[in-house]
Amino acid sequence: MYHGIEFYNLSQAMVNGIWPLVMAGREAVGDTEAPPALLQVRRGRAEAPAWYMVQAMEFHPEPLSVARLRVRDTYAAPKLVAALLEMLASEGWLRPGREGEYHLTAAGLAQGEKMTRRMARWLEGQAEPLGEDEMGQLEGYFEKVIHLWLDEQVPPGNWCLRYSRRRAPEAEAPRLARLIQYSADFNAYRDDAHMAAWRPYQLEGYVWEAFAFVCGGKAETAHDIYQALLYRGYSEYAFAGALAQLVAKGWLVAEGDVHQVTEDGWAVREDVEIATNHYFYAGWDDLFHEEELTRFSELLVALRDAK
């Protein structure tokens, strides 16, 4: 049975039905405190202090480092990752150690726990968008998939997922908080699957992302890619070099500064997408009956569209 990308997309979109309850809960408890200024920098980006604090909580008590962060944030320039770690250290939330390692301090741990507690507090007492049976069924489907992935011993591996699960809410936390985490877990394992699919081609992450942007019709020149991906921390010159590598592989052809995907390039892109979906959905046919998959999809849509 071929599942395509549907369940991954729905797992991310279902949070749209939960987020209004998060905001309503915040208003209900009268929480008007703004996040610290540093945590508002580059909000919404993977390369942001707030996201790196999330990563620090996932790794704790293990230290962070540029190399460890870039296992998953593989598209970011090392110098930018290093700068963000230094910013968190300057706030007193990380402590630099040996060989480029950064340890979470007591102040950093307190800040991370505060971020987690606030979300749970906002959701406490909020009515669930679907009925009790439906919500329990949906959570059960998520748990089955997560357990499958955590037990997996073959490619793509579950490095990102295992660290994501480290910040899973406690059993007594609101179910909506647990569902938000399941959405994050699905995103983490999708990263595991996608990186396992393209890394055999032995490219740096920013080179693969440049290729993906050309394939997706989002860019044709190094300048286009640079403007679209400023937040990654690479220069236009670096992206020009990335495109040159792709031309040398025969995946792109250049006419002046403009690049187009070749037949070989499209074949590689298709193979990577197929491999990504294969890794992501491996084992699902043995895990679910077709009727259960249909029900899983229906519940994700219902939560996504809940008012």
Side-chain angles (χ1 to χ4, degrees), residues 33-120 146 149-150 156-170 173 177 180-181 184-185 187-196 198-199 202-209 229-235 238:
E33 181 183 355
L38 181 56
L39 297 185
Q40 299 183 53
V41 174
R42 298 167 62 89
R43 292 184 71 177
R45 301 292 190 193
E47 300 79 14
W51 177 241
Y52 281 15
M53 278 297 293
V54 170
Q55 297 302 294
M57 294 294 290
E58 287 184 4
F59 274 87
H60 183 70
E62 299 171 35
L64 286 179
S65 68
V66 173
R68 286 177 175 172
L69 278 166
R70 292 189 73 248
V71 172
R72 184 172 182 188
D73 194 11
T74 187
Y75 306 115
K79 65 181 181 180
L80 178 59
V81 177
L84 289 169
L85 287 172
E86 282 296 315
M87 290 176 70
L88 291 170
S90 72
E91 198 74 15
W93 295 336
L94 297 180
R95 174 177 54 80
R98 299 176 58 186
E99 299 180 351
E101 293 183 337
Y102 291 79
H103 298 263
L104 195 64
T105 64
L109 182 60
Q111 179 60 46
E113 290 176 341
K114 181 178 181 180
M115 293 163 62
T116 301
R117 287 196 304 270
R118 289 181 78 189
M119 175 74 75
I146 297 298
W149 288 338
L150 289 174
N158 52 25
W159 192 95
C160 297
L161 174 64
R162 285 188 289 107
Y163 279 101
S164 179
R165 288 304 298 163
R166 284 187 169 193
R167 56 187 170 95
E170 300 292 337
I180 290 173
Q181 180 59 41
D185 294 336
N187 183 57
Y189 195 72
R190 186 74 181 182
D191 285 347
D192 281 319
H194 191 54
M195 288 187 291
W198 65 258
R199 276 184 169 154
Q202 298 182 332
L203 296 174
E204 289 286 337
Y206 76 98
V207 180
W208 177 260
E209 188 168 34
L229 296 174
L230 279 167
Y231 58 91
R232 298 295 197 196
Y234 285 102
S235 67

Less than 6.0 angstrom separating the ring centers of Tyr75 and Tyr206, yes or no?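 No, the ring centres sit 6.0 Å or more apart.
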Can you establish whether the number of heavy atoms outside Glu101 located under 6.0 Å from its atom CD is more than 12?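 For Glu101, atom CD is crowded (more than 12 foreign heavy atoms under 6.0 Å).
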Hey, is the main chain of [Y] close enough, under 3.5 Å, to the side chain of [X] for a donor-acceptor pair?
X	Y	result
Gln40	Pro35	yes
Ser164	Ala188	no
Arg72	Asp191	no
Ser65	Gly100	no
Arg165	Asp185	no
Asp192	Pro156	no

Sub-4.5 Å side-chain heavy-atom contact between [X] and [Y]:
X	Y	value
Glu209	Arg232	yes
Met53	Trp93	yes
Leu229	Tyr231	yes

Any ion pair linking Glu33 and Lys114 (charged N to carboxylate O, less than 4.0 Å)?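 Yes, Lys114 and Glu33 are salt-bridged.
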Any salt bridge between Arg166 and Glu58, counting N to O under 4.0 Å?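 Not counted as a salt bridge, because no side-chain N and carboxylate O are separated by less than 4.0 Å.
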First locate atom OG1 of Thr116, then atom CD of Gln111, and finally report the distance between them rounded to the nearest 0.5 Å.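 Answer for the OG1-CD pair, Thr116 versus Gln111, is 10.0 Å.
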Does the plane of the ring in Trp198 sit parallel, tilted or perpendicular to the ring in His194? Use 30° and 60° as the thresholds.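 If you compare the ring of Trp198 with that of His194, the planes turn out perpendicular.
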